[in-house]
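Down below is the structure, laid out as structure tokens.
Everything numeric here is computed off the predicted structure, so don't read it as measured data.
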Amino acid sequence: MPQGSADRVRTWITRESLDDFAQFEDIVGEVGSVEDGALLFFQGRVRRTNRGRAVSRLEYEAYGEMAERELSAICHEALEQFDVGSVAAAHRVGDLALGEVSVAIAVTSAHRDDGYRASRWIIETIKVRLPIWKHEHYENGESHWVGAPTPEAGASTGGSRFG
Amino acid sequence: MPQGSADRVRTWITRESLDDFAQFEDIVGEVGSVEDGALLFFQGRVRRTNRGRAVSRLEYEAYGEMAERELSAICHEALEQFDVGSVAAAHRVGDLALGEVSVAIAVTSAHRDDGYRASRWIIETIKVRLPIWKHEHYENGESHWVGAPTPEAGASTGGSRFG
Amino acid sequence: MTDRISVRTLFFGVYGELAARREGSAELAADSTVADLVDSLRGPGGLDWLPESVVVAVNQNYAEAGTTLSDGDEVALIPPVAGG
Amino acid sequence: MTDRISVRTLFFGVYGELAARREGSAELAADSTVADLVDSLRGPGGLDWLPESVVVAVNQNYAEAGTTLSDGDEVALIPPVAGG
């Protein structure tokens, strides 16, 4: 009856589509329980407009093995920090078209407040810790690594020691 | 291109199962757009344990037409109060077994913060405004209308005026 | 002879169980309010267990105690809701 | 003759683009730290655009500037992450 932490977490990094809800429905059926009164399912999708620019497609690059380990670590930490029953999370890599799902997170919990808080914590933590980089391609043919300093800004702070 | 508010909301009260994710996936496909970078899907499910008692099944009774109107009103209000792209929400009535979905809410939004806040606001508002009542049946054969005063408490305050 | 109105009454959830009926009707003086209806329902041999602040919907909209009723109105007595 | 170690270097995202390579290797004195490696990478004709506080992972765990490196370590230079 009591489940180990490992039995209640599923994480993966993949080149395959995450668009389909069904794979998460299946996982929740496996790892959830009738003690869970709430399910929170979050999807991040490729949006057409980002910071005012028209995006044509995205490319996600990952530090593969480290990303797998960090995503698993984040979800296990969520299980310890919040009163949740199960967590499933996946992140896409490779080329994504507009509207495609880049990240998906399913959380089950006895009570909804824990589910909302855990789901939000997981996505925010993914955004600061998961070693994945987003290369945005725009309709005008330009591209940009999201979060990267511009080459000029980089040069102006280069050459010095660790802060 | 610009969509009216009515095109971006779907609500219903139903005796049919809401367990399947696919019907919400289909609706999001219809009412969402590529300007939505986030999807939040919430399910409330019949939990085995409620306030320490072992639940065997639930019965939801609704003031049918008013519940339809209130649920629609709540979701349209969410569209006005939060920066969200679309809302779909449904509530079950009739007999539900353990683990079955009683309420489901899908919200799409450009940014995730709006999605989390709108989803949470909708479920909290449903819980205070939607004219639906839950009759819990327990494994020991007893039953209770959730939120109802006990008959004794009711009698002790009965017979007086509005507060 | 006073003008009378007739309203349809609905009892949901635990109120239906305690009242031993889901529907009824009530005859009231014209210009009666929601509060007048609730008082008459509480009257001798009536629903004396109705709480002090009972929530009422008139024609499927939440209504105040002072709302004036009209002939043919549908008045629902709403126990604490418990959806979700 | 000083003991030397060799580490594998990985450049991700914009660092890979700016360095014009995704992988490399570096020879360092034994007991060199992450900071020593970064300084050597920044050296003459090197990656002088590397920011002051560059994030580094050693063997797939985030590491401090003072972390001592060992022969065969995998050292990744991590630009601002942007998953989600």
_Residue list, salt bridge (Lys or Arg N to Asp or Glu O under 4.0 Å) with D:R21, at least two apart or on another chain_ = none
_Between A:E142 and A:R53 (salt bridge meaning N to carboxylate O under 4.0 Å), is one present in this structure?_
yes
*Side-chain donor-acceptor pair present, A:T108, A:S86, cut-off under 3.5 Å*: yes
*Please flag which part of A:V93 lies under 4.5 Å from any non-hydrogen atom of chain D: side chain, backbone, both or neither.*
neither
_Engaged part of A:E124 at the chain D interface, taking heavy atoms whose separation is under 4.5 Å_ = neither
_Using heavy-atom distances under 4.5 Å, tell me whether A:A62 contacts chain D through its side chain, its backbone, both, or neither._
backbone
*Check each atom of D:L41 against the heavy atoms of chain A and say whether the ones under 4.5 Å are side chain, backbone, both or neither.*
neither
_One pair to check against salt bridge (charged side-chain N to carboxylate O under 4.0 Å, His left out): D:R8 and D:D73. What are the steps and the verdict?_
CA-CA 6 Å; D:R8 185 174 169 227; D:D73 277 351; over 6 Å; no
_Between A:E77 and A:R129, does any NZ, NE, NH1 or NH2 come within less than 4.0 Å of an OD or OE carboxylate oxygen?_
yes
_Part of A:I123 within contact of chain D (heavy atom distance under 4.5 Å)_ = side chain
*Please look at A:E61 and chain D and tell me whether the side chain, the backbone, both or neither of the residue comes under 4.5 angstrom of a heavy atom of that chain.*
side chain
_Donor-acceptor pair, side chain of D:N59 and main chain of D:E74, under 3.5 angstrom_ = yes
*Counting only heavy atoms closer than 4.5 Å, note whether A:Y60 contacts chain D via side chain, backbone, both or neither.*
side chain
